[in-house]
Asker: 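One structure, pasted below without further comment.
The sequence lines fix the lettering, A, B, ..., with proteins before strands; numbering per chain opens at 1.
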Number of protein chains: 2
Amino acid sequence: MSNPASPESANLPARFSHARHVQAKAVMEDYVEMISDLLAEMGEARIADIAQRMGVTHPTATKAVARLKTAGLAVSRPYRGVFLTEEGAALAEKVRARHRTLVDLLIAVGVPAEVAELDAEGMEHHVSDAALAAFRTYLAK
Amino acid sequence: MSNPASPESANLPARFSHARHVQAKAVMEDYVEMISDLLAEMGEARIADIAQRMGVTHPTATKAVARLKTAGLAVSRPYRGVFLTEEGAALAEKVRARHRTLVDLLIAVGVPAEVAELDAEGMEHHVSDAALAAFRTYLAK
DNA sequence: TGCAAAATTTAGCCGCGGCTATATTGTCTG
DNA sequence: CAGACAATATAGCCGCGGCTAAATTTTGCA
Ligand SMILES: [Mn+2]
Ligand SMILES: [Mn+2]
Ligand SMILES: [Mn+2]
Ligand SMILES: [Mn+2]
């Protein structure tokens, strides 16, 4: 190892910037999943409904949707509803499954259901594929 | 129950805004814990070291420290090192303990140690006191 | 079918948390 | 005890993700 003078603190910067990078995607993930819910429940996802479910004003929702479109996750025409691209729909499914698995794990470990649901909404975005796989293995036992 | 027409989606806005609120504190928590580390390891926390460990430029660290001071978590005089207030030191200890407990839980559940450390850096800030208590109970078994 | 109300977009503001470039202050050394 | 250099601070920029207020478009109904 060429790592003599690093008493564990050398990898800290990488951990922090990784967490920041993940965080940058978090809001987008929640929007995509929620738009997917709306499409399934009501056949369309309107700005007013998106805003209401996110707990945000409509201009904020409009801007978020603009970012989703820029990222290739959603499409929409002015004054019309929002739809997901293939990529957006796939992301929604992944995010939804990850959320459920995390909640299940938290409950399995003794966290009350309502608390698990609340905490998971923030935690979920930082759960890597590797951790998720471990969760599934644990839950399967 | 006075909750007829809410098929679970009514509490979504609260969950999202809760997660946003928690996220707003996350960066501050990491800075405070890390400054506490520096003070313990080297007796002082200088801007250059804070910046280096956070993986950030010094102006960014300077602004973060300014926010900590505004929040009553740190004190410093110009061109001198940074110190924590009682409140800041207490927060650092709480954040450190929570981080360790979360990593322990992840490992106990089958997540590889390096992955646990990486994921925990982001997840930790969303772990409520109730969830933390559950984690400790689980780990005690 | 025309118009009022509702929905959406646009404009413009804010703080956070990043950045680079530059100014200022402290420190160490010849 | 100068200066050079290192450390810190300041200025000014950016995008994100919030907000309010105002303009615009769509829609529903009298
Ligand atoms: Mn979420
Ligand atoms: Mn979720
Ligand atoms: Mn952290
Ligand atoms: Mn941590």
Side-chain angles (χ1 to χ4, degrees), chain A residues 12-35 38 42-71 73-83 121-122 125-126, chain B residues 12-35 38 42-71 73-83 121-122 125-126:
Chain A
L12 260 178
R15 272 164 44 192
F16 288 133
S17 58
H18 176 260
R20 286 193 296 265
H21 183 252
V22 166
Q23 190 53 39
K25 305 180 188 171
V27 172
M28 216 172 299
E29 290 183 348
D30 283 334
Y31 270 97
V32 165
E33 179 186 1
M34 211 257 341
I35 288 169
L38 283 172
M42 344 215 187
E44 63 178 353
R46 307 184 62 78
I47 286 291
D49 298 331
I50 293 171
Q52 194 224 317
R53 291 219 185 170
M54 287 301 293
V56 126
T57 60
H58 9 93
T60 296
T62 300
K63 266 207 293 188
V65 167
R67 283 192 297 271
L68 295 185
K69 291 169 77 171
T70 298
L73 298 170
V75 289
S76 76
R77 303 198 323 282
Y79 291 93
R80 287 284 124 75
V82 178
F83 298 91
E121 201 56 73
H125 308 283
H126 301 272
Chain B
L12 261 178
R15 273 163 45 192
F16 288 133
S17 56
H18 175 261
R20 286 194 296 265
H21 184 253
V22 166
Q23 189 54 40
K25 304 181 189 170
V27 172
M28 217 173 301
E29 290 184 348
D30 284 334
Y31 270 96
V32 165
E33 179 185 1
M34 210 261 334
I35 288 170
L38 283 173
M42 344 216 188
E44 64 178 352
R46 309 186 57 80
I47 286 290
D49 298 331
I50 293 170
Q52 194 223 318
R53 290 220 185 171
M54 287 300 294
V56 126
T57 60
H58 8 93
T60 296
T62 300
K63 265 207 294 188
V65 167
R67 283 191 297 271
L68 295 185
K69 291 169 77 172
T70 297
L73 298 170
V75 289
S76 76
R77 302 198 325 281
Y79 289 93
R80 288 282 124 78
V82 178
F83 298 91
E121 202 56 72
H125 308 282
H126 301 273

Asker: Choose from dT8(C), dT8(D), dG18(D) the nucleotide whose nearest atom is closest to any side-chain atom of His58(B).
Answerer: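 Closest nucleotide among those given: dT8(D).
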Asker: Side chain of Val27(A), heavy atoms from C-beta onward: which of dA7(D), dG18(D), dA11(D) has the nearest atom to it?
Answerer: dG18(D)
Asker: To the nearest angstrom, how far is Gln52(B) atom CD from dA6(D) atom P?
Answerer: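 Spelled out: CD on Gln52(B) to P on dA6(D) is 16 Å.
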Asker: Can you measure Ile50(A) atom CD1 to dG18(D) atom C1' for me and round it to whole angstrom units?
Answerer: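 For the pair Ile50(A) CD1 and dG18(D) C1', the rounded distance is 17 Å.
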Asker: Is Thr60(A) close enough to dC19(D) that one of its side-chain N or O atoms is under 4.0 Å from OP1 or OP2 there?
Answerer: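 Affirmative; the distance criterion is met.
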Asker: Can a side chain N or O of Thr57(A) be found less than 4.0 Å away from OP1 or OP2 on dC19(D)?
Answerer: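 It does, given that an N or O in the side chain of Thr57(A) lies less than 4.0 Å from OP1 or OP2 of dC19(D).
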Asker: Whether Arg20(A) contacts dG18(C) is assessed here as follows: a side-chain N or O lying under 4.0 Å from the phosphate OP1 or OP2. Is that the case?
Answerer: yes
Asker: Is there a side-chain contact between Glu121(B) and Asp30(B), using heavy atoms and a 4.5 Å cut-off?
Answerer: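 A side-chain contact exists here, since the closest heavy-atom pair is under 4.5 Å.
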Asker: Just how far, in rounded Å, is P of dG15(C) from CE of Met28(B)?
Answerer: 14 Å
Asker: Round to the nearest Å and state the distance from Asp30(B) atom CG to dC16(C) atom P.
Answerer: 17 Å
Asker: Measure the distance from CZ on Arg67(B) to P on dC14(C) and round it to the nearest whole Å.
Answerer: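 In whole Å, dC14(C) P lies 18 Å from Arg67(B) CZ.
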Asker: Report yes if the side chains of Glu44(B) and Asp49(B) come closer than 4.5 Å at any heavy-atom pair, otherwise no.
Answerer: no
Asker: How close or far is atom C1' of dC16(C) from atom CD of Glu29(B), stated in whole angstroms?
Answerer: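 Distance, rounded to whole Å: 16 Å.
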Asker: Pick from Val75(B), Leu73(B), Val82(B), Thr70(B): which one makes a side chain to side chain contact (heavy atoms under 4.5 Å, CB included) with Val65(B)?
Answerer: Val82(B)
Asker: Are Arg67(B) and Lys63(B) close enough that some pair of their side-chain heavy atoms sits under 4.5 Å apart?
Answerer: yes
Asker: Just by distance, no angles: are the side chains of Gln23(A) and His126(A) close enough, under 3.5 Å, to form a donor-acceptor pair?
Answerer: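 The answer is yes; a qualifying pair exists.
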Asker: For Ala24(A), report the nucleic acid contact type (base, sugar-phosphate, nothing); a contact means any heavy atom under 4.0 Å.
Answerer: sugar-phosphate
Asker: Can you tell me if Arg46(A) touches the phosphate of dT8(C), counting only side-chain N or O atoms and a distance under 4.0 Å to OP1 or OP2?
Answerer: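 Yes, because at least one side-chain N or O of Arg46(A) sits under 4.0 Å from OP1 or OP2 of dT8(C).
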Asker: Start at the 5' end of DNA chain C and walk down; is the nucleotide closest to Tyr79(A) or to Val56(B) reached first?
Answerer: Tyr79(A)
Asker: dT10(D), dT8(D), dT9(C): which one has an atom nearest the side-chain heavy atoms of Ile47(B)?
Answerer: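 Of the candidates, dT8(D) comes closest.
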Asker: Please determine, for the side chain of Arg80(B), which listed nucleotide (dC19(C), dG26(C), dG17(D)) has the closest atom?
Answerer: dG26(C)
Asker: At under 4.0 Å, does any side-chain N or O of Thr62(A) touch on OP1 or OP2 of dT8(C)?
Answerer: no
Asker: Quick one: Lys63(B) NZ to dA11(D) P, roughly how many Å, whole number?
Answerer: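 These atoms are roughly 12 Å apart.
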Asker: What is the distance, to the nearest angstrom, from the NZ atom on Lys25(B) to the P atom on dG17(C)?
Answerer: 13 Å
